[in-house]
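Scroll down for the structure; my scribbles are underneath it.
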Amino acid sequence: MNQMLICIEIANNKLKRSSLELLSFAQKSGWNAEVVAMRRSDSDMDVTSNKSLPEDLIKILKDYGVTVIHTFMDPIFSKYNPELYSRAIYSLLTAQKPSPYGLLLASSNSQYKDFLPKVAARLNTGIATECSDIILDQKINARTIELAGEQSVKPVDGQIGNTESSIQVIRSVFSGKSISTVAFDARRPCIVLMRANQWPILEPLHQHSSSTENASISLPQILNHSLDSLEGGKDPLLVQLKEVVKGTSEKLDLTEANIIVSGGRGLKEAANLKYLHELADVLGATVGASRAIVDAGWCSHGMQVGQTGKTVSPSLYIAVGISGAIQHLAGIMGSKVIVAINIDPQAPIFQKATYGIVGDFKEVVPLLTAEFKKALH
Amino acid sequence: MGRSLKRIFVCLKQVPDTETKIKFQPDSSSPSLLQLDPLGVKWVLNPYDEYALEEAIQIRDKNPGAQVWVVSVGPKKRIVDALRTALATGADEAIAVDAPEILDSSATAQILFQVIQEEIALKGPVDLILMGKMAIDTGASCTPSLLAQMLSIPHVGVVSKLTFNGDFGWVAERDIEGGAKEIFEIEMPCLISANKGLNSPRYASLPGIMKAKKKMIQEKNTPTFVSHLKWLSATFPPEKPPVKMLTGDSTNTVVQLVQLLRDEAKVL
């Protein structure tokens, strides 16, 4: 049952970076991979023609070895609804019983974290979010995995798959203080939500196949599922999305950003955030904030990085005027490289940074911005 | 205006304080699995649950005759402290559900589901369930959505603003990526998970603390549950090499930094 279903995301008619990471993993795993895409707003998708997905996007999926593309293109799907989306994914996973899927894979973003647990509850299978890696086919007899505290197992809808191998995930716990290895029990499919920036993006295997080779790899089957085809598809929805209020930033969300420039109380006043925005613009980075300046009202809570803010995993995190309170560090320990710029040489952040500069941000940051500009453009 | 809001449940979790040093030991009942070493751990109420509790108290105060019930799942002996604090802060009744130290989200949801169902059968409807969007120890964020599904009630998660709709429901603002907000309409009975910014949690008052001391906390045994996830091992992140402090004047250090980022760290 080495088959996975991957939830892919499309923005501006392109696959999101996080989706490319998931596809790379699927390709490397050797598992058969199917994908599912929800209809986006009309502006993202050419819905006037019969084609629901852009040609070049289909080609990329094919080159990654995807065999089936499931779509939900009825207009109702263009508006997020946790009940509707969970019905859709549940229907796909249970179209055949027992489910042929060993794994449901998605990005650990706010939408999937919101509705995929509903799918897990209906399937009575495990779900792990904020994962940093997946280990497939550990050869373990599923029956010997101890189920701590379990009193009884009740099969539901015959969903227990026959498997000899366990799926394990790696995820950080206790605010980044520890890295745990967690094993799923025997029930399938396992639902795994991956943090962004954990896996390398690989070149699609079939990208450079010759035209004759390519011709023999048939295009993925595209199956559009209508609302009517869903189990309980016409049941009333008990929540309704009324409005989406857009955020002010066009950049990637902190949780997905590859480079982050973050500011703290050392900036002295809200107006000085402009130094960070200039630096971020040159780097293509997203701007973040410590709790101190969010609480001071300099910027919105959505920009907060840390224990009661966002947990980030960028390749590069530049902390300007941030002292390095443990609650802030909790949110950034997944960063590959941390640069600290602070006027106080005793600031705790220097203990956790990769590189440190002691200095006045008003002097250092503009010079750094100029230097990056030279190096990158 | 038909129905009135009668009972609000708040699901609370006790978590290790952030400053606590984390250590592990084998699970006494299943040695191949792990448990948290409780020695020296300072336990606090999960920060996001504080917003849920505050919201429940504010809603209760606007609805005469309504009650706030708090429920927590975990080793009975220690969770009663968190429940007593919640009572001192303003909750009306508390239930402690005995359970193992470490539970995955689904197991927690299954336990809460059974307890709430039992409470509904015994004492009538639960109109609103509030809880934090995420527990800071596991960071899973699954329990609210799992629990709502099990109870067959609608749910909006990561809510930073909740407004009564004048009838028997809410307008809930949910925080998503990029600082954007999704505005949902939802009818009770329902579950809402709280994000920071929903309100400003109050501290327990001295009279509240005194009153809570005498309050009886209901205790329940562990209901049946299935763990889908097993904690096999835990490591600590590898020790990072000491920081490389760049020296020299600013024109110099920035050049060094960019070069190191490009050539040594290779992140550019």
Side-chain angles (χ1 to χ4, degrees), chain A residues 110 113-114 117-118 121 125-130 145-153 173-175 177-185 238-249 253 300-302 307-308 315-316 326-327 336-337 350 353 355-357 359 363-364 367-368 371-372 375, chain B residues 16 18-19 22 27 29-30 32-33 47 100 106 136-142 145-146 149-150 154 156-158 175-187 196-197 224 226-237 243-246 250-251 253-255 257-258 260 262 265 267:
Chain A
S110 66
K113 283 199 284 194
D114 192 49
K118 298 183 193 302
T125 59
I127 178 168
T129 62
E130 299 292 318
I145 297 176
E146 293 174 58
L147 301 174
E150 175 192 319
Q151 320 283 296
S152 73
V153 184
V173 286
F174 298 109
S175 303
K177 290 204 203 80
S178 173
I179 300 164
S180 66
T181 303
V182 175
F184 280 84
D185 69 359
L238 299 178
V239 280
Q240 293 289 345
L241 176 61
K242 278 312 186 197
E243 195 191 336
V244 179
V245 178
K246 283 212 180 327
T248 46
S249 174
D253 186 72
S300 67
H301 173 56
Q307 189 182 279
T308 51
S315 298
L316 175 59
I326 202 159
Q327 289 83 357
K336 191 161 159 241
V337 172
F350 285 122
Y355 305 111
I357 294 179
E363 197 187 300
V364 177
L367 287 170
L368 190 55
E371 191 60 29
F372 274 127
Chain B
T18 324
E19 314 274 340
I22 299 296
D27 182 347
S29 53
S30 306
S32 63
L33 303 179
S106 175
I136 61 168
D137 52 0
T138 59
S141 308
C142 292
S145 187
L146 285 165
Q149 178 66 34
M150 291 174 191
V156 181
V158 197
D175 297 326
I176 60 172
E177 281 82 1
K181 292 185 193 294
E182 290 174 337
I183 304 184
F184 281 93
E185 283 180 358
I186 185 168
E187 290 291 307
K196 180 178 165 168
T224 310
V226 172
S227 277
H228 294 303
L229 300 179
K230 259 66 58 195
W231 217 20
L232 293 185
S233 65
T235 54
F236 297 99
V243 63
K244 206 169 227 168
M245 295 300 295
L246 307 181
S250 303
T251 42
T253 53
V254 301
V255 171
L257 178 61
V258 173
L260 286 165
R262 190 185 50 218
V267 290

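The sequence lines fix the lettering, A, B, ..., with proteins before strands; numbering per chain opens at 1.
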Contact winner vs chain A - B:Thr253, B:Val156, B:Ile176, B:Ile22, heavy-atom pairs under 4.5 Å: B:Ile22
Cut-off 3.5 Å, side chains only: do A:Gln327 and A:Thr308 have a donor facing an acceptor? no
In terms of heavy-atom proximity below 4.5 Å to chain A, should B:Ser106 be classed as side chain, backbone, both, or neither? neither
Counting only heavy atoms closer than 4.5 Å, note whether B:Pro47 contacts chain A via side chain, backbone, both or neither. side chain
Value for CG (A:Asp253) from OG (A:Ser110), rounded to nearest 0.5 Å, stands at 8.0 Å
Across all chains, not counting sequence neighbours, the side-chain hydrogen bond (donor to acceptor under 3.5 Å, both in side chains) partners of A:Ser178 are none
Contacts of type side-chain hydrogen bond (donor to acceptor under 3.5 Å, both in side chains), residue B:Glu185, not counting sequence neighbours: none
With no hydrogens and no angle check, is any side-chain donor or acceptor of B:Ser145 less than 3.5 Å from a backbone partner on A:Asp114? yes
Below 4.5 Å from any heavy atom of chain B, which atoms of A:Glu130 appear? Answer side chain, backbone, both or neither. side chain
Heavy-atom cut-off 4.5 Å, strictly under: side chain, backbone, both or neither for B:Ile136 against chain A? both
Region of A:Val364 in contact with chain B, defined by heavy-atom distances below 4.5 Å: both
Are side-chain N/O atoms of A:Thr181 and B:Ser233 paired as donor and acceptor at under 3.5 Å? yes
Any non-hydrogen side-chain atom of A:Val244 less than 4.5 Å from a side-chain atom of A:Leu241? yes
Using non-hydrogen atoms only, which part of B:Val158 is less than 4.5 Å away from chain A: side chain, backbone, both, or neither? neither
Side-chain contact test, heavy atoms from C-beta onward, threshold under 4.5 Å: evaluate it for B:Ser227 versus A:Asp185 and give yes or no. no
Find the one option among B:Gly197, B:Cys142, B:Gly179, B:Pro16 whose heavy-atom pairs under 4.5 Å with chain A are most numerous. B:Cys142
Assert top hit (heavy-atom pairs under 4.5 Å, partner chain A, pool B:Thr138, B:Leu229, B:Val255, B:Val267) equals B:Leu229
Chain B contact via A:Lys177 - which portion, at a heavy-atom distance below 4.5 Å: both
Below 4.5 Å, heavy-atom pairs only: which of B:Leu246, B:Ile186, B:Thr251, B:Asp175 has the largest tally toward chain A? B:Leu246
